[in-house]
Amino acid sequence: MQNTYFRLPMAKRIFRQNLEGMALALLAALIVGLLLSSCLVQKNLRAEAMYKADTLADNMADAMIANDMRQLQSLLLNATNTPDMQTAYVYDGHGQPLLAWTTQAQLIKTSGIEATTLLRHQKVDYHLGNFSAVSPVLSGTTVIGQVQLQISTWPLYQHILLFLLIAGFLSVFITALAAYWLTNRQLRSMQPIMELSVIAEKVATLGDYSLRAPQDPEHELGSLNMHFNLMLARMEAWENDMQSEAKERREADSRLAILNNHDSLTKLPNRHYFHRLLSNCLEDAVADEEMAALMFIDLDHFKGLSESFGYDAGDLILATMANRLCGVLRSTDTLCRVDGDEFAAIMPNVGSMEIVEHLAERLVQAINQPMTLRGQQILLSASIGIACCPLHAKEQRLFLHHADIALKAAKASGRNTWRMYSNDLPKTSQAVQLSI
């Protein structure tokens, strides 16, 4: 059987079913054959018993007329010289026993044998162990005696036993061979269905609708594979459409999330994202006992520049400043645009105050780099206010408040500089941007 379609469990099941069916059919045929054969053998044995009795009766007619006992005995001994003969009785014309023979004692005395009624016709009776054949001895039409033979039925039983042995062996062999051949034929005819089963199992397990069942147009079930492949092709197309739709939905969701959480001009996180990120940063800093910093960065005199050069120029300034600030900050820091010309830098795990101060100084220098706008070179500056957690505050609202106080202090000291929050800063600058 070919490995492409042979599957052991199914083959075993089909073979067992075929074997059972063939065994039942052959068993019925065996019983019928045994009955017919037994009837035929029984008929032959009855005919043979009748023939022996008739032959012996015909041969004894002359000797019985002549009352030649020696000849009668000789004829009886010759007739009983067969292994299947059990007893033989010869009666005279009055029904009295004349001679008797058994396999145990050969000729025996007739004194213990009862008289019988003479018959004018042949008769054969079947008993469990023998056939009893009776034939009259005739002289013309006159009955002058009678012969009664009992012949063993062992040849019949021997025939039945031999028939059962031979037929049983042949039946087992033929049944197994026929079941194997029929199973092979059925598996070949079921090849498309079995291939469909394998492909369907793979599709169900792997979820891969690109699989296809092999097609054989000459097979009577070949169209089944063709239509199954057509169904898989449609399911594959449907799945591709669903995946494309899901991808488009994810992309749309992603774009919407970006719009909701990022500034459209600078592409930086917006105020909404800033508050969530700052809350998480403060919680991590307190839990891990690390220092985090927050910088408020406000461009100096941005409103005047925007009015002088136009709002398009203001957008260009903001985008340029966003790029400069991101170039200075660390990869772990996050720069957000929280208002028109205000930025905020969230800096987790800064390690020490010196690192924060160094970064603030570099940010001021980066903003101070000249910028060409409409053919005119301009200089920009910014004020930076800094607060650290947990040094200055652990709660978000107070943390924002302290960073804003530091920003106001930087502006009050002449701008283009940075200030770190401390308790020594003027308290008059505390009415500030808590709405950020």
Side-chain angles (χ1 to χ4, degrees), residues 250 253-299 318 321-339 341-367 382-410 417-425 429-430 432-436:
R250 288 194 300 270
D253 293 341
S254 177
R255 289 192 296 268
L256 183 60
I258 292 175
L259 292 176
N260 290 336
N261 294 284
H262 289 76
D263 174 53
S264 59
L265 174 63
T266 61
K267 310 305 178 185
L268 296 176
N270 57 18
R271 181 185 304 184
H272 177 71
Y273 188 87
F274 164 75
H275 280 289
R276 285 191 298 158
L277 183 62
L278 181 63
S279 176
N280 295 333
C281 181
L282 293 178
E283 290 178 1
D284 293 341
V286 173
D288 299 336
E289 296 182 354
E290 297 175 349
M291 180 180 292
L294 172 63
M295 292 184 181
F296 278 158
I297 306 169
D298 185 66
L299 298 180
L318 290 174
M321 292 301 106
N323 291 333
R324 290 184 182 182
L325 295 174
C326 289
V328 174
L329 293 173
R330 304 172 303 168
S331 60
T332 56
D333 301 335
T334 303
L335 181 66
C336 304
R337 183 187 177 191
V338 295
D339 204 353
D341 60 343
E342 295 183 6
F343 298 89
I346 300 175
M347 309 168 65
N349 192 20
V350 292
S352 65
M353 299 279 288
E354 288 76 11
I355 294 176
V356 178
E357 295 172 353
H358 177 68
L359 283 173
E361 189 65 35
R362 288 181 58 195
L363 289 174
V364 171
Q365 293 175 3
I367 295 173
S383 302
I384 302 176
I386 308 170
C388 295
C389 173
L391 180 61
H392 301 142
K394 297 181 180 180
E395 190 268 327
Q396 180 174 346
R397 187 176 182 84
L398 185 60
F399 192 52
L400 291 169
H401 181 60
H402 287 171
D404 193 69
I405 290 177
L407 175 63
K408 295 299 182 181
T417 187
W418 59 269
R419 286 290 181 270
M420 180 77 67
Y421 173 80
S422 69
N423 292 327
D424 298 333
L425 293 178
S429 58
Q430 294 182 3
V432 289
Q433 303 171 352
L434 295 180
S435 61
I436 293 179

Any [X] side-chain heavy atom under 4.5 Å of [Y] side chain:
| X | Y | result |
| --- | --- | --- |
| Trp418 | Glu361 | yes |
| Leu282 | Lys394 | no |
| Ile367 | Met321 | yes |
| Thr266 | Leu335 | no |
| Leu400 | Leu278 | yes |
| Met295 | Val356 | yes |
| Leu268 | Phe343 | yes |

For the atom pair [atom1] ([X]) and [atom2] ([Y]), what is the distance rounded to the nearest 0.5 Å?
| X | Y | atom1 | atom2 | answer |
| --- | --- | --- | --- | --- |
| Leu391 | Met353 | CG | CE | 5.5 Å |
| Ile384 | Ile297 | CD1 | CD1 | 5.0 Å |
| Leu325 | Arg337 | CG | CZ | 12.5 Å |
| Glu357 | Glu354 | CD | CD | 6.0 Å |
| Asp298 | Asp339 | CG | CG | 8.5 Å |
| Cys389 | Glu290 | SG | CD | 10.5 Å |

Return the minimal non-hydrogen interatomic distance between [X] and [Y], and the atom names on each side.
| X | Y | answer |
| --- | --- | --- |
| His262 | Lys267 | CD2-O, 3.5 Å |
| Pro348 | Ala292 | CA-CB, 4.2 Å |
| Pro269 | Thr334 | CG-CG2, 4.1 Å |
| Phe399 | Cys388 | CE1-C, 3.3 Å |
| Leu359 | Val328 | CD2-O, 4.0 Å |

Worksheet entry | Check: His401 side chain, Arg397 main-chain N or O, donor-acceptor pair, under 3.5 Å |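 Here the side-chain-to-backbone pair does not exist.
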
Worksheet item: side chain to side chain contact (heavy atoms under 4.5 Å, CB included) between Leu294 and Ile346: does it pass, once the steps are laid out?
Response: CA-CA 5 Å; Leu294 172 63; Ile346 300 175; 4.2 Å; yes

Discussion item. Checking Arg419 now: which residues fulfil side chain to side chain donor-acceptor pair (under 3.5 Å) with it, not counting sequence neighbours?
Written reply: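 Arg419: side chain to side chain donor-acceptor pair (under 3.5 Å) contacts with Ser413, Thr417.
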
Worksheet item: In terms of ring plane angle, is the pair Tyr421 and His402 parallel, tilted or perpendicular, where the classes change at 30° and 60°?
Response: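 Taking His402 first and then Tyr421, their aromatic rings lie parallel (interplane angle under 30°).
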
